[in-house]
Amino acid sequence: QLQLVESGGGSVQAGGSLRLSCKVSGNTARNSCMGWLRQAPGKGREAVASISPDDGRTTYSDSVMGRLTISQDNSKNTVYLQLDNLKPADTAPYYCAAARPWYSGQVRSCALALIQFTVWGQGTQVTVSV
């Protein structure tokens with residue numbers, strides 16, 4: 001079972017930046033797609049980014065494309081989310097999450113459209129003010 005612990009949230013003004021970290025532990029970490037979810041007030045949970053454990057390939061939701069960057073450091077068992085040019089609409093708790101890859105024969109993918117996150121951490125709050 002994976003354990004995910006997020007850190008790095010905070011309060012910033014619009015246009016500012018934050019870097020979230022997620023410490024990953026558990027024996028399935030190297031075979032899991034990692035990503036980030038958020039749930040803005042009054043809205044459903046939204047998957048915003050994913051990264052493949054094989055080649056580091058990333059995918060993003062349209063709402064954050066160009067402003068958020070997911071990365072991983074396998075030597076530190078840590079996944080990061082860099083948030084730039086933040087907007088008030090980005091205000092939400094952000095959850096580090098894991099998913100089983102999508103498989104087609106020998107090929108596997110962590111594209112957001114193909115996977116479903118089933119494990120997540122406690123979350124870290126991001127608040128963006130005008």
Closest non-hydrogen atom pair between [X] and [Y], with its separation:
{"X": "Cys33", "Y": "Pro101", "result": "SG-CA, 3.5 Å"}
{"X": "Leu81", "Y": "Ala49", "result": "CD1-CB, 4.2 Å"}
{"X": "Cys96", "Y": "Leu4", "result": "O-CD1, 3.4 Å"}
{"X": "Gly123", "Y": "Glu6", "result": "N-OE1, 3.0 Å"}
{"X": "Tyr95", "Y": "Gly121", "result": "CD2-O, 3.4 Å"}
{"X": "Val12", "Y": "Ser17", "result": "CG1-O, 3.9 Å"}

Could you check Gln3 against Val119 for side chain to side chain contact (heavy atoms under 4.5 Å, CB included), going step by step and ending with a plain yes or no?
CA-CA 8 Å; Gln3 291 82 43; Val119 179; over 6 Å; no

Side chains of Ser129 and Gln13: any donor to acceptor distance under 3.5 Å?
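There is no such pair between these side chains.
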
Please determine, by modelled atom types, if Ser50 and Thr59 share a side-chain donor-acceptor pair under 3.5 angstrom.
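Yes, side-chain donor-acceptor contact under 3.5 Å.
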
Any donor and acceptor pair, going by atom type alone, linking the side chain of Lys23 with main-chain N or O of Lys76 inside 3.5 Å?
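A pair under 3.5 Å: yes.
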
Rounded distance (nearest 0.5 Å) linking atom CZ of Phe117 with atom OG of Ser32:
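Between atom CZ of Phe117 and atom OG of Ser32 there are 10.0 Å.
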
Gap between atom CD1 of Ile51 and atom CG of Leu112 - 0.5 Å precision
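Leu112 CG to Ile51 CD1: 11.5 Å, rounded to 0.5 Å.
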
Sequence neighbours left out, what passes side chain to side chain contact (heavy atoms under 4.5 Å, CB included) with Ser71? Give chain and number order.
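By the side chain to side chain contact (heavy atoms under 4.5 Å, CB included) rule, Ser71 matches Tyr80.
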
Should Trp36 and Ile115 be regarded as members of a common hydrophobic cluster, given that ILVMFWY residues are connected when their side-chain heavy atoms come within less than 4.5 Å of each other, either directly or indirectly?
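Different hydrophobic clusters.
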
Take Leu20 and Val126 through the side chain to side chain contact (heavy atoms under 4.5 Å, CB included) test and state the conclusion after the steps.
CA-CA 9 Å; Leu20 309 183; Val126 171; 4.1 Å; yes

Is there a side-chain contact between Arg67 and Asp90, using heavy atoms and a 4.5 Å cut-off?
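Counting from C-beta outward, Arg67 and Asp90 do come under 4.5 Å.
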
Carefully, step by step, assess Gln125 and Thr91 under the rule side chain to side chain contact (heavy atoms under 4.5 Å, CB included).
CA-CA 8 Å; Gln125 178 69 34; Thr91 294; 4.0 Å; yes

Would you sort out whether Asp84 and Leu68 count as a side chain to side chain contact (heavy atoms under 4.5 Å, CB included), showing the intermediate values?
CA-CA 6 Å; Asp84 296 315; Leu68 271 59; over 6 Å; no

